[in-house]
Structures are given as C-alpha cells and as structure tokens.
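Because the structure is a prediction, the values reported are computed rather than measured. Order of the sequence lines sets the chain letters (A, B, ...), proteins ahead of strands, with each chain counted from 1.
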Amino acid sequence: MENPRQITMIQAVAILISTIIGVGVLALPLFAVRAANSGAPLVTLLGILLGFVGLMIVTLLGMRFPNKTIIQYSEDILGRWLALLGNILIIAFFAVLTSLTAREFGEVVVTSVLKTTPVEVTVIVMLLLAAITTRNGITTFAYIHVFYMPILLVPVLLIVALSFKNSDVINLQPIWGNATGNMLPGILTIAALFQGSFILTVVIPAMRQPNKAMKASMLGMLIAGGLYITIVAATVSVFGSEEIKELLWPTLELAKATSLPANILERLDAAFLAVWVTAVFTTLFSSYFLTIHSMSKLFRLRDHRMFSFFLLAFVFIMAMLPQNIIQMYTIIQNFGRIGLGITIVYPGLLLVIAILRKKRGEPVRNQVKENAQ
Amino acid sequence: MSKRKAPKKQQQPPVSDQALKELQNTKISGNLEETVTCIDGLLGMNADFLKRRFHVFGQYPAVMFYYSSLTNSTMINTEILKPLMYPPPSLEGQSIEDDRLKSILINDSLYHSEGQMVSSIASLVEGILRGETVIVVDKLDEAFLVRTRNLDKRAIDQPATEQVIRGPREGFIEMLETNISLLRYRLPTTDFRIETMEIGRRSKSKVAICYMDGITNPDLLKEVNKRLSNIDIDAVLDSGYLEQYIEDNHLSPFPQVQYTERPDKVVANLLEGRVAILVDGSPLALVVPTVFSQFYQTVEDYTERFVLMSAIRMARLVALVFSLVFPALYVAVISFNPELIPTEFAVAVAGGRAGVPFPAIIEVLVIEISMEVLREATIRLPQQVGGALSIVGVLVVGQAAVAAGFSSPITVVIIALTTIGSFATPAYNAALALRLLRFPLIIMAGIFGLYGIMIGLILIMNHLLSLKSFGVPYMSPYVPGNFQGMKDLLIRGPLWWMSERPSFLQPLEKNRLGPEAETGYDMLKTLHKQTENVLDPMNVQKSKGASANGESTSDHNDPSRGNTD
C-alpha cells in the first residue's frame, strides 16, 4: 500500500478549491440575487463566512484527532451507537449530494449543449467517470485535484476579465440590497455550496503535517470564496439583478455574453461548459470519494475500492428521482439547508463535547520529517 | 512480487539446457579421451564446431575446442596454439613434472590476458558456446578457457530514431561491450558502476545495470535488480522484452520506461540518478524510472541555448496535444457546436462538407484509419519504394478523396496536421500511445461532442495521474508540485537554474555543482566577475599607449576611415 501520509498543505488547498468550485457556480448568482437583489455579493460574502465557520469546526476537529476521520473520532466522542446515527446521516447526505450534483450538471449539459441526449446518459457518464476514478488511493486523489485546479481558475477569471467591458457598477448598488429581510435563506443556500469542503475530514488523516490544516482551509476558502464573489459581482454588474432573476444559469449566460478578442471563438458558452466538466468532475469525485471512504471506515475496512461500483446504482437512481429542473432546484436548496445541520451543527456539537470531555487523538509521530517535494 | 531465488543467480548462472543439466556437477577426470567424448557428444554434430588435437610442448597430448563461427582463428593460431606447442625458452630442454605443468602453462606460456582454469565440464561447454576456446590437456584436472570471441558488428552509427542537429552523433549498437565502452569513456569515474546478470534460459542474454554510485538511490537499484532477477523467460531478444516485465502498469497505453539509443542521453540520465539497463543484442538502453515529461524532452533542448529551445519545446507540446485532441475537437465542433467558430469559417466548412454523405465522425474515422494504414505501409516497405508511396498516398489519395466527394478538404487538412503533430513527439512509444487514444476520443466526440472529449480527456489524465514508475508519480514534477522540477517542465530553464538533480528520484547527492558555488546563479556571478572585455576598443587603445582620458581619435577607432579621407 502507498504511504498514507503524503498530502502537503498546498495539495490540501487544491483539494478544497477544486471541491468547492463546481456546478453550483452556474446558478450561484441567481440564488444570491433572489435573496438580496443588488446586495448579491454581500449575501455571497455572508454565505462564505458561514461556510467558513463550518469548515473551521471540521478543521479544528481534524487537528484534534489527526489520525482519524470524522467517522472514527465521532465514535470516540459520542460513543459507538450515538455516533453511528451521525455517521449514517453523513454518508447518506453525501451520497445524495453526489447524485444531486450529477443530476444538476446533467441537466445543464442536456439543456444547453446536447439537446437531444437523454439526461440519464449524461448523468451516468459523469457518475461512471467519478466511480472509476475513486478506485485510486488518497494520494492519487490529491494529485488529481492539484492537476485540475488551474483548469478551474483560468476560464472563470478569463470570462470575468472579458466581461468587464459590458459591466456597469450601477447594477451593484445599493450594496446592501433592497430587501434585507429575506437574506437568511440565501445565505444558507450559498453556505450549502461549500459543503464539499467537508472532504477535509478525509484529507487531514492523510496530511503530512495535520497542524497545517487550518492554514490550508483558510487559503482554500479565501481563493474559492474570492472566486465566488468575483463571479457574482461580475454577473450582477453585467446583467443587473432584475434580469438575472429571469436566467436559470447566469454564469453560463455571462460566458455566452462575452467573446474572445479577434473573434477566435464566436461564443464561449459551449467551450466554457466543456472546461467546466472538469470542475464538476472534481466536485463529484470528492463527494463520491468522501462517501465511499466514510463507508469503508464505518465498516472498518482498509480498502474503499469495493464500494466504488456498489454505490453507483444507488446514486444514479437517486439522481433520477427529481421530476424536472424546477423540482430539482427546490430539492437542492432545501436539502442544502438541511445539510448544514450535518456539516456545521453536528461537527460543532462534536467539537464542544470533545472539548468538554477532554477527548483528544494521538499526535502524529513522524510529523517533523518534511521531505523535499 | 515473490522473492524466489533472486540473489544467487549472479554468481552461478543457471544451467538450463537439457544436456547440460546432467553435467552440472561433472568435473574433468584427467582422462583426456573421456572429456573429448563428452564434449564431442554435446557439440560435435555442428558443422562450425572444431576439435584440434596437438601436443603441448611436443609431449603432452591435448585437444582444443572452439566454434569457428564465433572466434578469431588468427588469434587462436598465434596466441594459443603456438605458445602451447613450443615450450618457453627458459624451460627448453628441461623435463616438466605433471604437477608443475598447469602453472607453467597458465603463468608462462599462454599469451592471453583473459585465460582461466575451469574444472566443470558444464562451464567449459558454456564457454565454448559463448565463443571461448577450451584447451584440455591430458592428466590435468582443469582445462583452460581462453577468451577468443570475435563477432562481426556494425559500425557505431548516427542514432536513427533520435537525430539531433546539435549534439553527439554516436548511437548504441547491438554489442553490449561496445555500448558500455561508449558510456565508460563519457564517465571516467569510479562512481560509474555496472552490474551484470544473465536473463533468458536459452538466449542467456547479458544484461548490464548501470548506475552512479553516490547519486543513484540504492533502494531504486535494489528494486531494479529484484524486478530483473524475477524474469525467467527463454529468450531476451531486445530490451523491450525486459521493459514489458519490469514496468509498473502492464495494461497502460503509456510507456513507463524510457528507451534511448543515445549514449549521451543515458549518461545524462545516470547523472540525474536514474538507472540504465542495457541488453546484449539490443541497441536500445532502458532508463528507469520515467516520468511523462521525459517523452517530449530531447537532447537538443540542453545543447542549444535556452530561450530558443524553450520556445521549441512549447511548440512540441502543442504538437503533442494536437495529435491527441485535434480530430476529436473538429468532430465535436462540426457536429454539435458549429456556433463556436466564426460564422464565415463555419460557412466555408459547411460548403466543403456539402457533398459528403457521411456524418463528420465517420468521415474523420475513415480518413484517420487510412492514414494509419499509409503510415504503417511506409514503415514496412523497402526504402526505395517507401518514399514514392508516401507521396502517392498523401497527395494523390487525399486529393482524390476530396474530388470524389468522399471527404471535405478541411478534414484532410485536420488529419494531416494531426499526423504531422504526432511525428513531432520525440519519443516514438509516447507518440504511439497518443495516436491510439485519439480514436476513442474521436468516438466520444462523435457521441457527446465537447462534453465527450472532456470526459475522455479527464479519464486519460486521471489514468496518467495514477500511474507510477518505480514509485515516482508519472506526472512529476508537475504533480506532486516541485518548484525545482518545474524549471524543466514547460520551458527549459537556463542550465544555471537547474543546479539540482530532480528530487523525485531522491538522489543521494542533490547538488550538481562543485562545493564552492551554492547555486548555479552564484557560479554565474563569479563567471561574470572574472569576465573581461579584452578586445574592447577602449582597452586596445590603452594598451597602445594612446590617450587614456577617454578622448577618441579623429578616425573614431575606425582604421578604414583613414584611407578614404
């Protein structure tokens, strides 16, 4: 077997960034604008802060138990049977999250590019891709995220940069938005987009220096969050909040509205969507990996490979349950908000109980050895 | 991997021939005729096997055996037969006791540096099979084994597949010894070590494992040794046989072992901390461990100046990516997203495709496959015919296919560009992998468009990222990131930047420079400090004793001016 402690801080940052940035970005400005009109960037910021609180709790827990995943240390903290309930909830939640991500992107592809392809096909292709790849170990998992990270950042930044000429700052004012009352659901929805960062619970036990996990999560959150705010700000400043409410995937529309100089490509949306497959893949890959890795830990198995294809059927069926896009987005929003209870409140409880009961994992032994590379 | 009988192979090569197995423990009895019958029985039926009876010093009966096809007969005549027939001048006329005969023969008579005494019949026969000459003398319990091997070999030539404009022109040949000499003269240091072993039950091929002591990681060397000694096949006819056994992932289309026929490339790799494997009979050395970036680097990248070669390396990378995705991209854009390309061009493409009855994917696949056929045919045909065929194939068939309405002109352009792109990849085996993977990508593009291409590319990349060569991640130094290594990844950094050996090879000695300079940059600074503009016109003036205060002469240091005035 490979040496399990190989992931460096930078790799952990890359994992966080490419996990967080995913299909949610396409609809993100819509969620934000619905909550606060022109205050969308502010809502996004608040959502990011909430997401960061959750990530911080998970990181603190991980650093407290540097050798264990949440499945294992929750048993230490709560006792076996109580923790079992939490663990099953976590696994089920991420299995559903995986299927919803696949479904959401499948719908995007079917609606905007492959108009005659059944959504089942695009979903199963995406899920198969993730399932095949989860048959690798955690080190390869990290490599894959590191490799794709630049591919995620470049197209977004490019499109944002190119859209400057159409943008108008007046669309962003007032910064506070017009309807401050119903901001909270929007904040929760946006915070739910950061649930992928829960992957850190699996990453920390494989990190070479788990004490750097906090730095990693801050950096990862900063870059991913910065990108989210940039996208929201760019989209709102180009379209204005009222128009965005009419668009299903404003970010995709932003790509459609921009064109490369010298007319190399007449429209960017299909190309953007093609590149975005990688972003969705990394997100899907992370949640799929998290699910089966947690399952293997729950059943106390050393190897998670056997679950790769076992889970596929369940995830696929769950992905096909929503009747249409409208229903799917209702489910995604509600489910995401409920999920915050699992990804923020539950770890928060664990942390408080761990501090009260003075539970602490063993420190890592060979922490000093920082090899080159 | 199992650890069966690994270490002992080196000392005692296994005797596996049916006949020799029985003789493994038989020793020479001292009875000449018995030995002769035994060896004769094994080898005597061969036409090129020679048995020559003579008398050592005119009195002791002896027999000499060798294969005439493997040996140099002049050498046998003058350096073995002659000194053995005549007693040495110091001993002339004296009678020699039987027990002294052996030492006199080996110490005083035999004019040959590579002679040894052997008692086992099995090793004698093996010696004969290798081209050595055996001399058995009556009443001696040991026989002489003298190295007289002389094989015809081709001259050292330009490497056929790895040509460079600037760089050494020598390539390996089939003979292991010549190949080692090519390495040895480039590395006259005690640190350059060669371990040999024999692999192949029948071919008994000599395999040399070359490494630099004090640089190469000893664990790597041990692993190479282990993997090689576990190979037990009947013949190793080329280093490619070994490659397929020692690579990490046998099913991957990507090569995980690099081969080269350039000694300078092998030496450069040895100095980075890699291990080279040479096989007798193969002009291609294997280099392990291998990472993907090696397949688009060439020797010339390092011999020519860095700015230019960085640009050329980028061009090569573009070609590499082209050869993989270009036709798939074309199929996807034409069949699914024609709105991506500028309208005027889209109209031109549609016009070109107007008469073509097939969908783009069929058209591209047909032309691609016929291109593969053409390429294969050009390689197999004799050289005189090959040139003609490739022109006929590319020009006439391509033109005719367009004229016949079988394919659009743009398809032909795309396929031609792709094919040329695949030739720009320096490593044939890597280019082959990309060439093969192009087909599934085209099919994916035909079914799912750009989405399909991305799925295919992600699959390929994930596979590459999970590959390992002797534990080194295949995409090093990009993933896992290593700043030192990145200097030689997309661009070729200046030599003084790259003062460290690649860290993913975990060499024992990290720094390439001498002890004085910390980094290559320091060395460069020292170099600049001691650089003088000796021929600067000002300096020349000073040394002539002309005005030292900076005033220029009336002809502005231009002597030709004076004549025209």
**Student:** Of the listed residues (B:T343, B:V479, B:V333), which shares the most heavy-atom pairs with chain A below a 4.5 Å separation?
**Tutor:**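 Of the candidates given, the most pairs with chain A belong to B:V479.
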
**Student:** Quick check for you: among A:F281, A:F147, A:F285, which has the greatest number of heavy-atom pairs under 4.5 Å with chain B?
**Tutor:**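 Of the candidates given, the most pairs with chain B belong to A:F147.
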
**Student:** Which answer fits A:V275, side chain, backbone, both or neither, if we ask what part of it has an atom under 4.5 Å from a heavy atom of chain B?
**Tutor:**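 The answer is the backbone of A:V275.
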
**Student:** Relative to chain B, which of A:V125, A:T117, A:V146, A:V113 shows the most heavy atom pairs under 4.5 Å?
**Tutor:**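 Top count of heavy-atom pairs under 4.5 Å with chain B: A:V125.
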
**Student:** Give a yes or no on whether a salt bridge exists between B:E509 and B:R501, defined as a side-chain N under 4.0 angstrom from a carboxylate O.
**Tutor:**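 Counted as a salt bridge, because a side-chain N and a carboxylate O are separated by less than 4.0 Å.
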
**Student:** Cut-off 3.5 Å, side chains only: do B:S408 and B:T411 have a donor facing an acceptor?
**Tutor:**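 Checked: B:S408/B:T411 side chains pair up, N/O donor to acceptor below 3.5 Å.
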
**Student:** Give a yes or no on whether A:F309 atom CZ has more than 12 heavy-atom contacts from other residues, nucleotides or ligands under 6.0 Å away.
**Tutor:**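 Check passes, neighbour count above 12.
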
**Student:** Hey, which residues of residues 126-134 of chain A are touching chain B, say heavy atoms under 4.5 Å apart?
**Tutor:**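 Residues of residues 126-134 of chain A touching chain B at under 4.5 Å: A:M126, A:L129, A:I132, A:T133.
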
**Student:** Going from CD1 on B:I443 to CG on B:L365, what distance comes out if it is rounded to the nearest 0.5 angstrom?
**Tutor:**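 The CG atom of B:L365 is 5.5 Å from CD1 of B:I443, to the nearest 0.5 Å.
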
**Student:** NZ of A:K212 to OG of A:S217: how many Å apart, nearest 0.5 Å?
**Tutor:**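 It is 13.5 Å, given to the nearest 0.5 Å.
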
**Student:** Counting distance only, does the side-chain N/O of A:T283 pair as donor-acceptor with the main-chain N or O of A:I21 below 3.5 Å?
**Tutor:**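 Looks like yes, one N/O pair under 3.5 Å.
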
**Student:** Using non-hydrogen atoms only, which part of A:I10 is less than 4.5 Å away from chain B: side chain, backbone, both, or neither?
**Tutor:**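 Neither part.
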
**Student:** What part of A:V277 is in contact with chain B, defined as an atom under 4.5 angstrom from a non-hydrogen atom: side chain, backbone, both or neither?
**Tutor:**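 Contact with chain B is through both the backbone and side chain of A:V277.
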
**Student:** I'd like to know which of B:I453, B:L464, B:L450 tops the heavy-atom pair count under 4.5 Å against chain A.
**Tutor:**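 The option with the most such pairs is B:L450.
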
**Student:** Under 6.0 Å between the ring centres of A:H293 and A:F307?
**Tutor:**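 No, too far apart.
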
**Student:** To the nearest 0.5 Å, how far apart are OG in B:S335 and CZ in B:R353?
**Tutor:**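 One gets 7.5 Å once the value is rounded to the nearest 0.5 Å.
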
**Student:** For B:D488 and B:R313, run salt bridge (charged side-chain N to carboxylate O under 4.0 Å, His left out): C-alpha distance rounded to whole Å, both residues' side-chain angles, the deciding distance at 0.1 Å, then the answer.
**Tutor:** CA-CA 10 Å; B:D488 194 13; B:R313 183 179 281 183; 2.9 Å; yes

